[in-house]
> 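Here it is, the structure, as structure tokens.
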Amino acid sequence: MEYFIIVNPTAGGNNGRKVWPQVEQYLDQAAISYRTYFTEYDGHAVSIAMQILNQVTATNHPDAIIVAAGGDGTLHETLLGCMRFYAEHPLLQNPRVPIGVLPIGSGNDFARGLKISRQWQDALQVILTTKKPVNIEIGHFDNHDYQSDGYFLNNFGIGLDATVVHFANHSLLKSHQQLSGFSYWASVRHAIKSLKPFRLTVSQPDGTKITYPRAFLATVTNQPYFGGGINIAPKASLYQKQLDLIIVEKPTRRQIFLFIFMLLLKRHLKLRFVHHFSETHFGLDTQQARYGQIDGEELGDKVYHVSYETQTYPFWVRRANQT
Ligand SMILES: Nc1ncnc2c1ncn2[C@@H]1O[C@H](COP(=O)(O)OP(=O)(O)OP(=O)(O)O)[C@@H](O)[C@H]1O
């Protein structure tokens with residue numbers, strides 16, 4: 001095997017910078033064949049992944065694995081680069097180069113969904129000992145307003161989760177390692193207080209439409225976790241074509257506490273102001289502009305007319321047991 005490793009040194013509050021020399025030392029001592037590519041700016045992993053695939057396919061390299069060493073953002077960009085490359089070179093996609101996961105970011109929700117350890121030593125062992133790729137169902141969306149499409153490994157959220165991402169990203173405490181946890185919870189509080197409910201319509205595969213006039217959170221999720229380990233969709237699976245949609249209507253103060261309590265018991269989907277769908281494809285339309293997020297990256301403050309489904313991509317991981 002030859003590993004093409006995309007390293008985000010800033011992932012996990014600069015954890016990448018600290019961990020990488022240790023990973024490198026281990027790989028060198030074990031005489032593993034690898035190449036390293038450091039990301040230098042937001043979005044860089046997309047072009048790096050495309051560049052790697054160009055190189056690998058030009059040299060007919062059968063044993064190449066692309067490894068994303070970072071958080072969910074780095075992994076998302078890596079996947080995007082691979083998807084773009086194969087969309088531009090459809091004749092080269094059989095077989096596609098698999099993606100390995102070295103979770104050294106902050107949230108690492110995709111790794112949680114795959115039950116990959118967030119200890120780099122253990123995650124690296126999985127990469128080095130895996131023998132064949134596993135097909136993972138990743139989220140794909142079409143944005144009808146902008147005639148654009150995209151992918152998500154974890155979730156596409158509108159409303160509360162995206163507002164939290166927005167406030168957290170713009171907090172002055174974000175890059176402070178000790179205070180970043182505090183900054184996150186301060187953003188949650190700020191988002192709950194300031195977010196206005198919005199009108200949301202769900203279009204189901206059989207054509208049925210359901211409208212929620214006071215939606216507060218709408219998250220399409222591909223796997224159980226979001227927001228750095230919150231088990232929002234306990235039954236969601238990365239191996240099935242169903243996507244889970246969780247809608248929370250604007251809760252009262254009492255309902256917020258009830259929701260958190262039930263979330264801890266994994267029984268929140270039974271609450272009357274929470275709605276759960278599990279479908280292979282569906283659409284979401286909003287009427288008012290609200291923040292959106294994809295895999296923890298900001299989408300901006302927009303109105304959405306989006307449809308969702310899954311597509312398959314091979315990952316260099318071991319298939320986790322279903323919960
Ligand atoms: N050299 C760099 N300088 C600044 N930002 C970078 C650099 N390289 C990558 N980035 C950006 O860093 C952002 C965060 O990366 P990533 O999501 O991997 O880590 P994280 O936020 O710590 O983890 P998680 O998303 O799992 O919580 C990404 O949007 C990425 O584009």
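Atoms considered below: every heavy atom in the structure, side chains included; atoms not considered: hydrogens, waters and symmetry mates. We count ligands from 1, going down the list as the structure has it; atoms in each ligand are counted the same way. The structure displayed is predicted, hence computed values, not measured ones.
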> Does the residue His44 have a heavy-atom contact with ligand 1, meaning some pair of atoms that are separated by less than 4.0 Å?
no

> Among all protein heavy atoms, pick out the one at the shortest distance from atom 7 (C) of ligand 1; state its residue, atom name and that distance to 0.1 Å.
Thr10 OG1, 3.6 Å

> For ligand 1, find out whether one of its N or O atoms is nearer than 3.5 Å to an N or O atom of Asp295.
no

> Any idea which protein heavy atom is nearest atom 21 (O) of ligand 1, and the distance to it?
Ser106 OG, 4.2 Å

> Kindly confirm or rule out an N or O of Asp72 lying under 3.5 angstrom from an N or O of ligand 1.
yes

> What is the ring orientation for Phe259 with Phe273, classed by angle as parallel under 30°, tilted 30 to 60°, or perpendicular over 60°?
tilted

> Regarding Arg214 and Glu249, does a basic nitrogen lie under 4.0 Å from an acidic carboxylate oxygen?
no

> If we only count N/O pairs under 3.5 Å, is Gly12 in contact with ligand 1?
yes

> Without hydrogens or angle criteria, can the side chains of Asn154 and Asp72 be said to hold a donor-acceptor pair below 3.5 Å?
yes

> Within 45 degrees of the axis of the six-membered ring of Tyr212 and under 6.0 Å from its centre: does Arg199 put its NZ or CZ there?
no

> Side chains of Glu298 and Asn169: do they bring a donor and an acceptor to under 3.5 Å?
yes

> What is the closest protein heavy atom to atom 27 (O) of ligand 1, and at what distance does it sit?
Gly107 N, 2.7 Å

> Specify side chain, backbone, both or neither for Tyr41, according to which of its non-hydrogen atoms lie closer than 4.0 Å to ligand 1.
backbone

> Provide the number and element of each atom of ligand 1 under 4.0 Å from a heavy atom of Thr74.
15 (O), 16 (P), 17 (O), 18 (O)

> Answer with yes or no after comparing the ring centroid distance for Tyr304 and Phe141 against a 6.0 Å cut-off, counting only values under it.
no

> How about Tyr313 and His140: are their ring centroids closer than 6.0 Å?
no

> Can you find an N or O of Gly73 that's nearer than 3.5 Å to an N or O of ligand 1?
yes

> Parallel, tilted or perpendicular: which one describes the rings of Phe110 and Phe315, with boundaries at 30° and 60°?
tilted

> Contact between ligand 1 and Gly228 is defined here as a heavy atom of the residue under 4.0 Å from a ligand atom; is it met?
no

> For Glu40, take its heavy atoms, then give the atoms of ligand 1 lying under 4.0 Å from any of them.
1 (N), 2 (C), 3 (N)

> When you compare the side chains of Asn222 and Glu137, does any donor N or O come within less than 3.5 Å of an acceptor on the partner?
no

> May I ask you to check whether Gly105 has an N/O atom sitting below 3.5 Å from an N/O atom of ligand 1?
no

> Any heavy atom of Gly43 closer to ligand 1 than 4.0 angstrom?
yes

